Enquirer: 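Handing you a structure now.
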Protein chains: 2
Amino acid sequence: MLGFEHHDHHSCIRSGVAAAEAHCMAEGLQFTPVRRRVLEILLERHAALGAYDILDVLRDEGLGSQPPVAYRALDFLVSNGFAHKIERLNAFVACTHMGEDHNPAFLICRDCDAVAETQADTARGALAKAAGSTGFRVERLVVEAVGLCPRCQQVTPA
Amino acid sequence: MLGFEHHDHHSCIRSGVAAAEAHCMAEGLQFTPVRRRVLEILLERHAALGAYDILDVLRDEGLGSQPPVAYRALDFLVSNGFAHKIERLNAFVACTHMGEDHNPAFLICRDCDAVAETQADTARGALAKAAGSTGFRVERLVVEAVGLCPRCQQVTPA
DNA sequence: TGCGATTTGTTATAGTATAACATATCATCA
DNA sequence: TGATGATATGTTATACTATAACAAATCGCA
């Protein structure tokens with residue numbers, strides 16, 4: 001997983017964009033300037049960004065000025081697994097497992113909004129058992145842990 | 001857990017309200033008319049209800065007409081564990097484990113918005129491991145499975 | 001009874017998201 | 001290569017979700 005620790009930001013942006021581009025190429029999807037830029041913005045910050053935060057950046061750069069521009073790009077990224085929506089925050093993050101088929105789970109810092117993506121074990125566990133026993137068919141699983149990241153535990157103890 | 005199966009609705013509303021009332025009594029909390037009524041409304045439907053849906057009912061009954069009335073009652077219910085917020089739907093449901101200390105997980109039908117509450121196993125699993133290894137301190141866990149309930153699988157196959 | 005704390009009423013506004021339709025661009029194949 | 005159907009963007013308008021701020025009422029208790 002990509003945690004809260006330091007990492008090479010430049011290469012992580014580059015490789016994220018490259019992975020998305022490759023995937024679009026392979027699938028015949030259009031990786032347009034707005035879509036690419038929104039993904040870059042999400043990769044640049046490693047925190048959850050609201051649609052309107054993203055729109056502000058786009059507007060500054062002349063790439064679009066109305067909400068639907070941001071929402072459409074985000075829909076595209078989410079639909080294709082390049083980004084995820086954090087329901088708890090009404091915000092979005094770049095995916096850190098580009099390409100891999102995965103069931104994301106998130107660690108969300110309530111102080112700084114940093115988000116780390118990890119894996120949820122979907123098949124096992126009480127939830128799967130409950131779903132099975134009631135006949136509920138799970139299609140998508142949202143797992144979001146809210147708490148304090150290591151850094152903010154220093155600053156905001158207890 | 002409370003599943004999607006049939007159950008005695010009347011007794012389930014009565015016992016839910018009674019449990020909340022007892023808890024408030026014990027804790028010295030005020031179980032006011034609006035708060036009681038909102039809990040009843042949530043118990044009556046076994047689906048996720050938006051704050052404004054609830055407000056509509058309150059308004060019809062002369063119990064309040066402005067959003068803060070509904071939101072404040074919901075905040076109270078959620079804070080005290082009588083109800084839960086479904087982040088995925090921006091909506092609320094009555095708790096079906098009144099009183100017990102629990103980590104709720106939800107099965108949400110994307111067709112009819114019915115919600116079943118069950119338990120998440122928080123301590124074990126990949127998530128807990130990931131949190132532990134990064135030093136992230138989990139305070140609250142949101143687990144929401146989106147899919148089709150048994151009934152809607154009949155109506156809306158595959 | 002009076003005082004502080006809690007709850008409710010109300011106005012206003014902030015923040016999140018999408019419908020609908022016009023225009024432009026792309027992708028392809030005749 | 002130029003027509004055409006599909007996809008993407010631009011734009012206006014509006015719907016939905018949520019909270020700030022302050023006044024008025026009510027409650028709990030000394």
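Order of the sequence lines sets the chain letters (A, B, ...), proteins ahead of strands, with each chain counted from 1. Just so we're clear, the structure is a prediction, and the values are computed from it rather than from any experiment. Just so it is clear, the values below take in all heavy atoms, side chains as well, and ignore hydrogens, waters and symmetry mates.
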Enquirer: Does a side chain donor of either H84(A) or E117(A) reach within less than 3.5 Å of an acceptor in the other side chain?
Expert: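 E117(A) and H84(A) do have a side-chain donor-acceptor pair below 3.5 Å.
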Enquirer: dT7(C) P sits how many Å from F31(B) CZ, rounded?
Expert: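 So the two atoms are 13 Å apart, to the nearest Å.
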Enquirer: Between atom CD in E27(A) and atom C1' in dA27(C), what is the gap in whole Å?
Expert: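 Rounding to the nearest Å, CD of E27(A) and C1' of dA27(C) are 17 Å apart.
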Enquirer: Nearest whole angstrom, please: distance from the P of dT11(D) to the CZ of R59(A).
Expert: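 The answer, rounded to whole Å, is 12 Å.
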Enquirer: Indicate whether OP1 or OP2 belonging to dA18(D) is found under 4.0 Å from a side-chain N or O atom of K85(B).
Expert: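 Looking at the OP1 and OP2 atoms of dA18(D), one of them is under 4.0 Å from a side-chain N or O of K85(B).
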Enquirer: Quickly work out the R36(A) CZ to dA8(D) C1' distance and round it to whole Å.
Expert: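 In whole Å, dA8(D) C1' and R36(A) CZ are 16 Å from each other.
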Enquirer: Between dT11(D), dT9(D), dT10(C), which one does the side chain of S65(A) approach most closely?
Expert: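 Closest nucleotide to the S65(A) side chain: dT11(D).
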Enquirer: Check A91(B) against A48(B) and note the closest heavy-atom contact, atom names and distance.
Expert: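 The answer is CB-CB, 3.6 Å.
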Enquirer: Any Lys/Arg nitrogen of R140(B) or E87(B) sitting under 4.0 Å from an Asp/Glu carboxylate oxygen of the other?
Expert: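 Looking at R140(B) and E87(B), the cut-off is met.
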Enquirer: With respect to the phosphate group of dT7(D), does any side-chain polar atom (N or O) of R72(A) fall under 4.0 Å of OP1 or OP2?
Expert: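 Looking at the OP1 and OP2 atoms of dT7(D), neither is under 4.0 Å from any side-chain N or O of R72(A).
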Enquirer: So that I can tick it off, tell me whether D75(B) and R72(B) are bridged by a salt bridge, with the cut-off set at under 4.0 angstrom between side-chain N and carboxylate O.
Expert: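 No.
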Enquirer: Between E44(B) and R37(B) (salt bridge meaning N to carboxylate O under 4.0 Å), is one present in this structure?
Expert: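 A salt bridge is present here (some side-chain N lies under 4.0 Å from a carboxylate O).
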Enquirer: Of the candidate nucleotides dG10(D), dT19(D), dT12(D), which contains the atom at the shortest distance from the side chain of P68(B)?
Expert: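 The closest nucleotide is dT19(D).
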Enquirer: Would you mind reading off the distance between L74(B) atom CG and dA18(D) atom P, rounded to a whole angstrom?
Expert: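 L74(B) atom CG is separated from dA18(D) atom P by 9 Å.
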Enquirer: Which comes earlier along DNA chain C counting from the 5' end, the contact point of Q66(B) or that of N90(A), where each point is its nearest nucleotide?
Expert: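 Its nearest nucleotide lies further toward 5', so the answer is Q66(B).
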Enquirer: Counting heavy atoms from C-beta on, name the nucleotide in dA8(D), dT7(C), dA21(D) closest to the side chain of T32(B).
Expert: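 Looking only at side-chain atoms, T32(B) lies closest to dT7(C).
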Enquirer: Within 45° of the ring axis of F31(B) and under 6.0 Å from its six-membered ring centre, is that where the NZ or CZ of R36(B) lies?
Expert: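 The answer is no; the distance or angle limit is not met.
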Enquirer: Check DNA chain D against residues 50-58 of chain B and give the residues with a non-hydrogen atom under 4.0 Å, in numerical order.
Expert: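 DNA chain D contact set from residues 50-58 of chain B: Y52(B).
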Enquirer: Nearest to the side chain of V34(B), heavy atoms from C-beta on, is which of dT8(C), dT10(C), dT7(D)?
Expert: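 Within the option list, the nearest is dT8(C).
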Enquirer: Could you state the CZ-C1' distance from R35(B) to dG9(C), rounded to the nearest angstrom?
Expert: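 After rounding, the reported distance stands at 14 Å.
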Enquirer: Calculate, to the nearest 0.5 Å, the distance between atoms CG and CZ belonging to D111(B) and R151(B) respectively.
Expert: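 CZ of R151(B) is found 10.0 Å from CG of D111(B).
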Enquirer: Rounding to an integer number of Å, can you tell me how far N80(A) CG sits from dT7(D) P?
Expert: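 Checked: the CG to P distance equals 13 Å.
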Enquirer: Check the distance between dA5(C)'s C1' and L29(B)'s CG and give it to me in whole angstrom.
Expert: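 Going from CG in L29(B) over to C1' in dA5(C) covers 14 Å.
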Enquirer: Considering only side-chain heavy atoms of Y71(A), which listed nucleotide, dA21(D), dT11(D), dT16(C), is closest?
Expert: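 Ranking dA21(D), dT11(D), dT16(C) by closest atom to the Y71(A) side chain puts dT16(C) first.
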